[in-house]
**Student:** 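Have a look at the structure that comes next, please.
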Amino acid sequence: YVVHIAHAYECFDYSHTEGQETGKTDTLNSEDLANDATKKTKDKLRFALSGTGRSVTKGGISTFIGLIMLAFSPAKAFRVFFKMLFSTVLLGLYAGLVYFPACIILVDPLISKVTKSKVKELNGNVDENEI
């Protein structure tokens, strides 16, 4: 389930929000840049959870509905199989819908900051003869 949410998060296209003006004409300081990175992260997560999150939740619920028959089986093997699959799906839903978004909110602004500084560093060191 995490992979579906992560894919939706990475495929978010915020080009429609880039042209919007904030009303500020001053130069941006580091706090404004940090707030902008956090806002983009939240927008991407909102998109991923509102679209793909619903599908992931419905998939988990339909899996539970399909497994419910195993819980009432007289055979112990089927009941053990139900417990295994139930816990796997439950942990997968938790990881995809709760844990992954929480980690992304904490980590993505840091990754974006490091990536931007590395790109600037690489662009500054490119020799024009190599292009």
Side-chain angles (χ1 to χ4, degrees):
Y1 297 126
V2 174
V3 173
H4 298 294
I5 302 294
H7 177 59
Y9 177 81
E10 281 301 313
C11 290
F12 177 69
D13 179 25
Y14 49 87
S15 61
H16 64 279
T17 61
E18 287 179 357
Q20 296 176 355
E21 292 295 323
T22 60
K24 290 186 178 181
T25 56
D26 301 333
T27 58
L28 294 175
N29 59 23
S30 61
E31 184 178 318
D32 291 334
L33 291 175
N35 289 338
D36 187 45
T38 303
K39 183 181 180 323
K40 285 183 180 180
T41 300
K42 288 181 181 179
D43 288 343
K44 289 168 72 173
L45 267 177
R46 189 174 295 118
F47 170 77
L49 291 175
S50 67
T52 308
R54 288 184 197 147
S55 299
V56 166
T57 304
K58 289 177 184 177
I61 290 171
S62 67
T63 303
F64 289 141
I65 291 170
L67 288 174
I68 201 75
M69 291 184 287
L70 296 176
F72 302 108
S73 174
K76 183 173 176 140
F78 288 123
R79 288 193 310 267
V80 170
F81 188 66
F82 166 77
K83 290 176 186 176
M84 255 181 18
L85 280 178
F86 182 82
S87 61
T88 301
V89 171
L90 193 64
L91 286 173
L93 284 172
Y94 173 76
L97 299 174
V98 178
Y99 186 72
F100 176 74
C103 289
I104 285 296
I105 285 177
L106 295 173
V107 173
D108 192 52
L110 300 173
I111 292 173
S112 298
K113 186 177 176 182
V114 169
T115 304
K116 286 178 185 176
S117 66
K118 286 289 184 185
V119 168
K120 286 180 183 178
E121 179 182 314
L122 290 174
N123 286 339
N125 294 334
V126 172
D127 187 15
E128 291 184 18
N129 295 330
E130 293 177 11
I131 299 176

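FYI, the numbering just counts along the sequence from 1.
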**Student:** Looking at Phe12 and Lys44, what are the two nearest heavy atoms and their distance?
**Tutor:**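 Looking at all heavy atoms of both residues, the shortest contact is CD2-CG, 3.0 Å.
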**Student:** Tell me, do Val89 and Tyr1 make a side-chain contact under 4.5 Å, heavy atoms counted?
**Tutor:**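 Heavy-atom side-chain distance check passes, below 4.5 Å.
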**Student:** Show the nearest heavy-atom pair for residues Gly59 and Ser62, with the distance to one decimal.
**Tutor:**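 Looking at all heavy atoms of both residues, the closest pair is O-OG, 3.0 Å.
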**Student:** Say you draw a straight line from CG of Leu85 to OG1 of Thr88; how long is it, rounded to the nearest 0.5 Å?
**Tutor:**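 So the CG of Leu85 and the OG1 of Thr88 are separated by 6.0 Å.
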**Student:** Are Phe47 and Ile5 grouped together when hydrophobic residues (ILVMFWY) are joined by side-chain heavy atoms under 4.5 angstrom apart?
**Tutor:**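 Different clusters.
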**Student:** Might you point out which heavy atoms bring His4 and Val56 nearest each other, and give the distance in Å?
**Tutor:**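 Minimum heavy-atom contact is CB-CG2, 3.9 Å.
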**Student:** Run the salt-bridge test on Arg46 and Asp43 with the 4.0 Å N-O cut-off and return the result as yes or no.
**Tutor:**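 Salt bridge: yes.
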**Student:** On a heavy-atom basis, which atom in Leu45 and which in Pro101 lie closest, and how many Å separate them?
**Tutor:**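 Heavy atoms of Leu45 and Pro101 come nearest at CD1-O, 3.5 Å.
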**Student:** Please report the interatomic distance CD(Glu10) to CD1(Ile104), rounded to the nearest 0.5 Å.
**Tutor:**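 With rounding to 0.5 Å, CD (Glu10) is 7.5 Å from CD1 (Ile104).
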**Student:** Each residue besides Val3 in its hydrophobic cluster should be listed here, by chain and number; the cluster joins Ile, Leu, Val, Met, Phe, Trp and Tyr at side-chain heavy-atom distances under 4.5 Å.
**Tutor:**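 Val3 clusters with nothing; isolated.
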**Student:** If hydrophobic clusters are built from ILVMFWY residues whose side chains come within less than 4.5 Å, do Phe81 and Leu90 share one?
**Tutor:**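 Phe81 and Leu90: one cluster.
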**Student:** Spell out, yes or no, whether Ile105 and Leu97 are grouped together once hydrophobic residues are joined by side-chain heavy atoms under 4.5 Å, including indirect joins.
**Tutor:**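 They do share one cluster, since a chain of ILVMFWY contacts under 4.5 Å joins Ile105 to Leu97.
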**Student:** Are Leu67 and Met84 linked, directly or through intermediate hydrophobic residues, by side-chain heavy-atom contacts shorter than 4.5 Å (ILVMFWY only)?
**Tutor:**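 In one cluster with Met84: Leu67, yes.
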**Student:** Using every non-hydrogen atom in the two residues, find where Tyr9 and Ala48 come nearest and quote the distance to one decimal.
**Tutor:**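 For Tyr9 versus Ala48, the nearest heavy atoms are N-CB, 3.7 Å.
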**Student:** In Å and rounded to the nearest 0.5 Å, what is the CZ to OG1 distance from Phe86 to Thr63?
**Tutor:**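 Phe86 atom CZ to Thr63 atom OG1 measures 11.5 Å (nearest 0.5 Å).
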**Student:** Crowded around Phe78 CZ? As in, over 12 foreign heavy atoms under 6.0 Å?
**Tutor:**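 For Phe78, atom CZ is not crowded (no more than 12 foreign heavy atoms under 6.0 Å).
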